[in-house]
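Worksheet: the structure to be examined is printed underneath.
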Amino acid sequence: MRAALRLLPFERALPPCIALTVFAFACGSSSVAAIDRDGKHARWAMLVVLLVVAAGAAWRAAPRRLPRGFAAAVWLAVLATVSTLWSVDPRLTFERAGSFVLLVATAGLAAAACARPADAERALGGILAGAVLVALAGVALLAVDRGDALQHGSTGVPTRFRGLGESANTSSLLIGLALPLAVYAVLRAQRARHRVAGALVFLLLDGSIVGSGSRAPLVAGFAAALGLVALAPARRVAFGAAVLVLLGLSVGLGTIPKPLASGSKPAVAAPAGPRAAPGYVNAEEAFPLEADIGRSLPHEGGAEAPRSLTGSSGRTEAWRGALHEAARRPVAGHGFGTEARVFVDRYFFFAGDLPENSYIGVLLQLGVVGLVSFLGMFALWFGAGARAWLRAAPRDRLTLAACAATLGAALVMAFVQSYFDSVGNIATLSLWLAGLLLVSAAAEVRNA
């Protein structure tokens, strides 16, 4: 059996498996009903396949010991499982904790198998390839079915490109995380045609974000890309100038689409319900409780807030409400995976089942203990990468910087998206892979 296992190409299969798993998770959050239905099953199957391949590659790599950053991830998995004891929905918490343990184990084994910076480079390539597949699928969908590929606008929001994603903010979350990896591919390219290919990949990803109108992926992705260029061993000024020019063009192009003209908003059917008696008004029709916070009183105007580059899209009101709920159980939270159950959206200018802030989401689920644990883990990961970067060879430094840039972009986007611990989210696997690859490669550099 051992001889047979040694013949299997685990190492070569790992990057393609990462790419296909990332793509499968994107299919499980699709605007196309058939793709979404099949993708929800395929993503878990691919995650198990990736776990098996990563376990085989890690067994053959035989790491001497796991870095301390791995222990921090294990502690979070344990805390998530133990929170079943005080959860407001123990069954839900236990199920979500089980999937989270599966995610941490998969990402940890993949990172352990890719401890050498050269192997980490291939794993990062798998994440980038998965994001490229998602972007290409979105463009293909636009060509065959504009109705599914576009999210139609209103008097406050222009029509936006959502591609394969469930909404305009879905695919862009993953693509923004992959932007610095496209820059990394350009910086590592040895031949001109490879640099051109990397630049085209960057333009494809950037165009998908610009079309979606998502602001956080644009800002976080370009900031991470500029940080990576600043740490590059050569041609920093030229690459930095190119990235800044593209950022300016992207922001300018993102402001071109305009909301629909007043009066062009499609009519909305009145909710079904009993008719009000003469002289009375059906309050649930005129001022429904499901969206009463932040809304003007009937006949006082103010129907929709215009979308802008710096606007919060109603998130700040939702964050205040979520923090109010978190204050009810400040220490240990309401239980892992209960964010959607605890948070109630009654905000007129906000639409979502989650508060769309990963840090507040962790606070809701695991309280201050969980939030401090998450922040401590990220600090530990960045600290390990920084110490290894100081003593690494120039080529290895760029790989460490790429892992850190990808993780940094993910953490910035987490301020406006809830996905740290949501295993089914399109970008969660990539975040954990980038972070654990960082500490694994850093440990290998220090031990070299």
Side-chain angles (χ1 to χ4, degrees), residues 1-28 42-67 69-70 73-74 99 101-134 174 177-178 180-182 184-185 188 194 198 201 381 385 395-396 398-400 402-404 406-407 410 423 426-445 447:
M1 180 65 71
R2 289 181 179 177
L5 288 174
R6 289 191 181 95
L7 295 176
L8 294 176
F10 291 119
E11 294 82 2
R12 292 197 300 273
L14 187 55
C17 278
I18 291 174
L20 291 175
T21 305
V22 169
F23 182 70
F25 272 87
C27 291
R43 62 185 180 182
W44 299 113
M46 279 306 307
L47 187 62
V48 172
V49 170
L50 179 59
L51 173 66
V52 173
V53 173
W59 171 72
R60 249 199 319 245
R64 286 171 286 183
R65 63 177 184 175
L66 296 178
F70 281 49
V74 172
S99 63
V101 169
L102 178 63
L103 171 73
V104 171
T106 303
L109 287 169
C114 300
R116 294 184 305 171
D119 296 330
E121 178 182 353
R122 287 191 286 272
L124 292 174
I127 298 174
L128 177 60
V132 170
L133 288 175
V134 173
L174 170 68
L177 183 149
L181 294 180
Y184 175 63
R188 292 301 295 265
H194 294 161
V201 165
W381 288 357
R395 185 177 180 86
D396 295 343
L398 193 58
T399 300
L400 291 169
C403 293
T406 305
L407 180 60
V423 179
I426 189 174
T428 305
L429 174 63
S430 300
L431 180 155
W432 285 86
L433 274 173
L436 290 171
L437 281 170
L438 175 61
V439 295
S440 184
E444 183 68 18
V445 168
N447 295 331

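Computed over heavy atoms, backbone and side chain alike; hydrogens, waters and symmetry mates excluded.
Across every non-hydrogen atom of A26 and V134, the tightest pair is CB-CG2, 3.4 Å. Nearest heavy-atom pair, I127 versus S430, reported as atom, atom and distance to 0.1 Å: CG2-OG, 3.7 Å. Of all heavy-atom pairs between Y184 and L398, the closest is CE1-O, 3.6 Å. W381 and G69 make their closest contact through NE1-O, 3.3 Å (heavy atoms, listed as atom of the first residue, atom of the second, distance). Here the closest non-hydrogen pair linking L124 and C403 is CD1-SG, 3.7 Å. Nearest heavy atom pair, residue G108 against residue F70, reads O-CE2, 3.3 Å.
How far CG of L433 is from OG1 of T21: 9.0 Å, rounded to the nearest 0.5 Å. In this structure, CZ on R116 lies 12.0 Å from OG1 on T399, to the nearest 0.5 angstrom. If you take CG on L407 and CG on L177, they are separated by 8.5 Å, rounding to the nearest 0.5 Å. Summarising the geometry, atom CG belonging to L400 is positioned 11.0 Å from atom CD belonging to E444; distances are rounded to the nearest 0.5 Å. Separation of atoms CG (L437) and OG1 (T406) is listed at 9.5 Å; rounding is to 0.5 Å. E121 contributes atom CD, which lies 11.0 Å from atom CG of L128 (distance to the nearest 0.5 angstrom).
A donor-acceptor pair is defined here as one N or O able to donate and one able to accept, closer than 3.5 Å; such a pair exists between the side chain of S440 and the backbone of A111.
Just one of D119, L436, L109 meets the side chain to side chain contact (heavy atoms under 4.5 Å, CB included) condition when paired with C114; it is D119.
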**Request:** Begin from the C-alpha positions of F25 and T428 and carry the test side chain to side chain contact (heavy atoms under 4.5 Å, CB included) through to its verdict.
**Result:** CA-CA 9 Å; F25 272 87; T428 305; over 6 Å; no

**Request:** Please step through side chain to side chain contact (heavy atoms under 4.5 Å, CB included) for the pair L14 and L50, ending with a clear verdict.
**Result:** CA-CA 7 Å; L14 187 55; L50 179 59; 3.7 Å; yes

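Between V423 and L102, every side-chain heavy-atom pair lies at or beyond the 4.5 Å cut-off.
Atom CZ of R188 has more than 12 heavy atoms from other residues, nucleotides or ligands within 6.0 Å.
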